[in-house]
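Everything below concerns the one structure shown next.
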Amino acid sequence: MRANSDDIQRIIRANGGVIARRNHPELVEACNWLVRKGELVPVLPGVYAPRDSAREVGIRMRAAMLWSPDAVLTGPAAAQLSFWPRIASPLVDLATPKKRRGQYRGFRLCERRIAVDLVVTRGGLRYTAPALTALDLISVVGADGIDTALRTRSATLDGMRAALELTPHRPGNSDRRRLLLDSRDEPWSAAERLAHQLLRAAGITGWRANFPVPTIGSVYYVDVAFPAVKLAIEIDGRLHEDDKLVFESDRWRQNHLALLGWTVLRFTWKMLTEHPELVIQTILQALNPFSSCQS
């Protein structure tokens, strides 16, 4: 039995932390023995992991692939694997082409067929492509999924529009279309999205979002730029205040932009939400000598 236990541990290591009993009929008795001892615990029916790691998200993902090889990881689990590693994923969302009965701890199952063009297979895991994942996240985190996918350059708006066309008649598609339209200037954060909305509502034109400005040895991306007049609008979210490295980097960036002849205005989330009229007034004052940039 000890030799069989060693074989099981070897298979578990090779499988990324899990073992499917049906794939190793010669080890069924040894698996059952380890389960009785409490060293192995079920993650899904017939799929086991060591007790200390069985509840880890990564282990649950691996278990899902062994349990249902044609299943696809979706939602936050897919985002963790592609463009948003820090997103919380308390449940592993799993799309299966056929309805699966039962509820399993740590999982949320959905009967859903996903076009092969929208599935990524990597490292033994199958998950939705970033373009579709960003759309799926709308029901979880709103537009933040779109913004994060754009900021990390994991997906494009055109790719998201194509993904939407490949998933017609889904509940919530009207919201997805609305947010894609609202994302037409490609915001990289909720604060940038709000700034874009304010600029459009005020009828201010001549600006570009996340505009690249080359400097010596680097390229800075200005949140909102009026290139014709070298006016940069920088939007500071919570990360800018809480992360010391981001804070320092922003100061270097602002200094370099100033040396290149750019005027830099900075606005916080609080300014955008509580004093939007003052934000617009300040921008208009900066643009006043260049009235041709206003509509």
Side-chain angles (χ1 to χ4, degrees), residues 82-87 130 134 143-160 182-295:
S82 51
F83 63 89
W84 201 346
R86 294 187 179 182
I87 188 173
D144 284 353
I146 295 176
D147 299 343
T148 304
L150 291 173
R151 183 175 66 251
T152 57
R153 296 178 179 82
S154 301
T156 64
L157 280 179
D158 285 343
M160 293 180 205
D182 192 53
S183 305
R184 57 191 178 276
D185 294 304
E186 301 196 15
W188 287 0
S189 69
E192 287 185 27
R193 179 180 295 274
L194 178 54
H196 296 177
Q197 293 169 352
L198 294 177
L199 288 167
R200 289 195 294 261
I204 299 176
T205 61
W207 55 275
R208 291 179 57 185
N210 298 300
F211 181 74
V213 178
T215 64
I216 297 176
S218 183
V219 175
Y220 291 122
Y221 288 88
V222 176
D223 294 339
V224 176
F226 293 83
V229 297
K230 285 193 169 182
L231 173 63
I233 310 298
E234 293 288 76
I235 311 299
D236 296 339
R238 285 192 300 270
L239 184 61
H240 296 74
E241 300 172 358
D242 297 340
D243 191 312
K244 292 182 179 179
L245 291 178
V246 172
F247 182 87
E248 294 291 332
S249 175
D250 280 352
R251 271 60 202 167
W252 284 116
R253 178 164 73 170
Q254 182 162 334
N255 290 342
H256 287 159
L257 288 172
L259 291 174
L260 291 171
W262 285 77
T263 299
V264 181
L265 300 179
R266 306 194 76 95
F267 300 106
T268 65
W269 175 257
K270 185 175 182 179
M271 292 176 180
L272 293 169
T273 56
E274 296 186 8
H275 306 287
E277 69 289 343
L278 293 179
V279 171
I280 293 300
Q281 181 181 340
T282 303
I283 294 172
L284 288 174
Q285 287 176 349
L287 290 171
N288 186 53
F290 313 99
S291 57
S292 61
C293 291
Q294 305 173 28
S295 63

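Hydrogens, waters and symmetry mates are skipped; everything else that's a heavy atom, side chains included, is used. Nothing fancy with the numbering, it's 1 onward along the sequence.
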**Message:** Can you confirm whether more than 12 heavy atoms, excluding those of R208, are under 6.0 Å from its CZ atom?
**Reply:** no
**Complete:** Between F83 and G145, the two heavy atoms sitting closest are CE1-O, 3.8 Å
**Asked** Rounded to the nearest 0.5 Å, how far apart are OG1 of T148 and CD1 of I87?
**Response** 7.5 Å
**Message:** Within the structure provided, determine whether L287 and I204 are in side-chain contact (heavy-atom separation under 4.5 Å).
**Reply:** yes
**Asked** Would you say R253 and T215 make side-chain contact, with heavy atoms under 4.5 Å?
**Response** no
**Request:** Test M160 against L150 for side chain to side chain contact (heavy atoms under 4.5 Å, CB included), laying out the working first.
**Result:** CA-CA 10 Å; M160 293 180 205; L150 291 173; 4.1 Å; yes
**Request:** Apply the test side chain to side chain contact (heavy atoms under 4.5 Å, CB included) to residues E186 and L157: give CA-CA distance (whole Å), side-chain angles for both, the deciding distance (0.1 Å), then the verdict.
**Result:** CA-CA 8 Å; E186 301 196 15; L157 280 179; 3.6 Å; yes
**Asked** What's the verdict on side chain to side chain contact (heavy atoms under 4.5 Å, CB included) for Q254 and Y220, showing C-alpha distance, side-chain angles and the deciding distance?
**Response** CA-CA 10 Å; Q254 182 162 334; Y220 291 122; over 6 Å; no
**Prompt:** For V279 and L272, which heavy atoms make the closest approach, and how far apart are they?
**Reply:** CG1-CD2, 4.0 Å
**Asked** Do the non-hydrogen side-chain atoms of R200 and R184 ever get within less than 4.5 Å of each other?
**Response** yes
**Item:** Side-chain heavy atoms of R151 within contact of W84, under 4.5 Å
**Value:** no
**Prompt:** Just how far is it from atom CD1 of I146 to atom CH2 of W188, taken to the nearest 0.5 Å?
**Reply:** 15.5 Å
**Request:** Measure across I280 and A202 and return the closest heavy-atom pair with its distance rounded to 0.1 Å.
**Result:** CG2-CB, 3.8 Å
**Request:** Taking the side chain as every heavy atom from C-beta outward, state whether I283 and L199 have any pair of such atoms under 4.5 Å apart.
**Result:** yes
**Asked** What distance do E192 atom CD and D147 atom CG have between them, rounded to the nearest 0.5 Å?
**Response** 8.0 Å
**Message:** I want to know whether H256 and W262 have ring centres closer than 6.0 Å.
**Reply:** no
**Message:** Looking at every heavy atom in both S154 and P130, which two are closest together, and how far apart are they?
**Reply:** O-CB, 3.6 Å
**Asked** Are the side chain of D185 and the backbone N or O of H196 linked by a donor-acceptor pair below 3.5 Å?
**Response** no
**Complete:** Closest non-hydrogen contact found for P227 with G206 is CD-O, 3.8 Å
**Complete:** Note: F267 and L265 closest approach over all heavy atoms is CE1-CB, 3.9 Å
**Asked** Are D223 and I233 side-chain neighbours, meaning at least one heavy-atom pair lies under 4.5 Å?
**Response** no
**Asked** Are V222 and E234 side-chain neighbours, meaning at least one heavy-atom pair lies under 4.5 Å?
**Response** yes
